[in-house]
Each structure stands twice: as C-alpha cells, then as structure tokens.
Amino acid sequence: MIIERYDAGVFDSGVGGLSVVRELLRYDPSQSILYLADQFHVPYGGRPLEEIRLFATGISRFLSANSCDAIVMACNVSSATALSIVQKEFTKKPVVGMIDGVSAKVANSGLQRIGVLATHGTVLSEAYPKIITANKPSLDIYQVACPAFVPLVESGVLEGREVESIVAEYLHPLARKRCEAIILGCTHYPFLLPAIEKVARDLFSSTPVIFDPAESVRAQLTVLRDPAAVRYNEGRLLFLTTGDPSILKYQLSLFLGKGDWKVGAAEWRGDILRRVAETVANPRA
Ligand code: DGL
C-alpha cells in the first residue's frame, strides 16, 4: 500500500506559492508536494494581520495532519505574521518561511539601498526591514506596497501596457531612492518578473539586482530536510484549493506548464480546514 505522504506541504493565499513550487521542482523534480491555495480568502495582503495568522496556522495544521514532512509558507505575509507560532507548534518538522533566508542573502550582498515590493500586510509588519537590519544595521530599506499585483497574477494578466504602467507606478519610488536591489516580497510577483525587469531597465539609471526569495527557501529546505528520511510517493503532486478547482487547474497550466495536474478541494469549517473527498484529474492532459 502506498502511504499518502508528502516531502513538503506548501501554501499560499492563491497561485503565488507556485513560484516556490516551481523552484523546488526545478531543483528536485522527484519530490512530492501537497499544495494548498486558500483562494476562498485571496488576497491576504489587505487583511488584518491577526486574521492572516489564523489562516496560516489553520493551513499549517491541515498540511501537517495530511502527512507533510515539512511545511513551506510560500506566502510572505503569512511568514511575517505566523512563522514563529507555527515553528513552535511543530518542533519536529522543518517549517520554512519566505523572509529570513533572502534577508540574510541581501544583507551579505554588499548592496546598500534595498527596495522591497510586497503586499500591504507585509509592509505593515515591517518584517523585511527588521530582519535585514538585524543582519546588517547600516542598510537602507525602502518598502512599496503593491496592491494591484496579486489580482493581476490571480487573473493571469502578466504582461502588456496596463501591467507595465502599474509596475512603473510601484517602481518609481525605488528608482528615486536609487535602489541597487529589489526583493520580490510576495510570491505572486515573480510571475511579473519580465514586466518588472523591462520597466526597471527604463526607470533606473543602473539596473537593480532582483531577489526572488524562492531560491533561499529551496536552499533552507534542502539543509533542514533529513537526507535519510524515507521518500514516499516520488514525484506525487496534489494541488488543493479552497476556491474553484477547475479554475486552479487552468492556472496550473498557465504557471507550471501543461501537465497531468491533480487538483482537489478543501474547505474551511470555522478555523479548521478539511479536505473535500473527490479530486479532479486534468481532462486536457
Ligand atoms: N503571495 C502572498 C505573499 O507572498 C500573499 C498575497 C496576497 O494574497 O495578498 O505575501
């Protein structure tokens, strides 16, 4: 009998965390991942931090109960508000967030003026400025909240004039401060990278280095994971959403490429997340 067990449980408010899944699979395509998109509640970024904390702890409990050997908060605002709480609850498994790894990397990069693009919640939490300056106090950090980005990515609008003018609006303050680095402080934003790079080339006198925290998350997970652990269900991927599974199925083909994506549903009962029994295979695969 094959036990339904996963190397990692990965979650986000929506499709943003797929930028982290993409990085994990690029490094090791054989790992098994259970992904949870809380699309019933997307976007998280404008919600009270206390509410986001409840969602993040509820989802982490769900992933742990569904036999995930590690938990990846592929969501910056969840990491900013709930990482230490969840780490304290699950002391026996790796729980990795988006912010610590990339903050240390940026602090050691030799770059001085650092821009952070993020959601309102992450900006409000001050997690990036606090963690970066804890690594290196002398750095200058400039944050910009980008509320229009998540709705664009969730609806699959990743390029074009409208996208570029929104990107320009958010990059202007960082260009004025002559930022040398930009952290993509929301997992949805890497899907807008071509537009961000294009606009940055026009706006900045010297092109900034762009940091996607996914790479540091992947590296942290590799270090924390027990190399001797038994691997179950090699390459098994299951994507659950609290929204509409048929929409998620379409989004998966957009963000991870065409494939036989296995999709299913989960639903909230109060603060508790439950799996809805049936899963839907991709009929187009
Ligand atoms: N992708 C998430 C993050 O990294 C949340 C975005 C949102 O739902 O506002 O912060």
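Just follow the structure's listing: the first ligand is 1, and inside any ligand the first atom is 1. Side-chain atoms are counted along with the backbone in the values below, which use heavy atoms only and exclude waters and symmetry mates.
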Using a plain distance cutoff, I'd like to know if H188 has any nitrogen or oxygen under 3.5 Å from a nitrogen or oxygen of ligand 1. yes
Kindly identify the option in V77, T81, V153 whose heavy atom sits closest to atom 10 (O) of ligand 1. V77
In this structure, atom 9 (O) of ligand 1 is nearest to the protein heavy atom G45 N, 2.7 Å
Would you call G14 a ligand 1 contact, heavy-atom distance under 4.0 Å? no
Does the side chain of L124 come within less than 4.5 Å of V77's, by heavy atoms? no
Checking the side chain of Y6 only, and the main-chain atoms of N66 only, is there a donor and an acceptor separated by less than 3.5 Å? no
Give a yes or no on whether R53 atom CZ has more than 12 heavy-atom contacts from other residues, nucleotides or ligands under 6.0 Å away. yes
Considering only the protein, which heavy-atom contact is closest to atom 2 (C) of ligand 1, and what is its distance? D12 OD1, 3.0 Å
For atom 4 (O) of ligand 1, grab the closest protein heavy atom and report residue, atom and distance to one decimal in Å. N76 N, 2.7 Å
Step through the shown structure and confirm whether more than 12 heavy atoms of other residues, nucleotides or ligands are within 6.0 Å of CD on E162. no
Suppose we call two aromatic rings close when their centres sit under 6.0 Å apart. Are F11 and F62 close by that rule? no
Can you sort out which atoms of ligand 1 are near V150, meaning under 4.0 Å from one of its heavy atoms? 6 (C), 7 (C), 9 (O)
Please report which non-hydrogen protein atom sits nearest to atom 7 (C) of ligand 1, along with the residue it belongs to and the distance in Å to one decimal place. Y44 N, 3.3 Å
Does the gap between the ring centers of W261 and F239 come in under 6.0 Å? yes
Using a 4.0 Å heavy-atom cut-off, say whether S13 meets ligand 1 through its side chain, its backbone, both or neither. side chain
Strictly distance-based, threshold 3.5 Å: is any side-chain N or O of K177 a donor or acceptor partner for the main-chain N or O of G115? no
When you look for heavy atoms under 4.0 Å from ligand 1, do you find them on the side chain of T119, its backbone, both, or neither? side chain
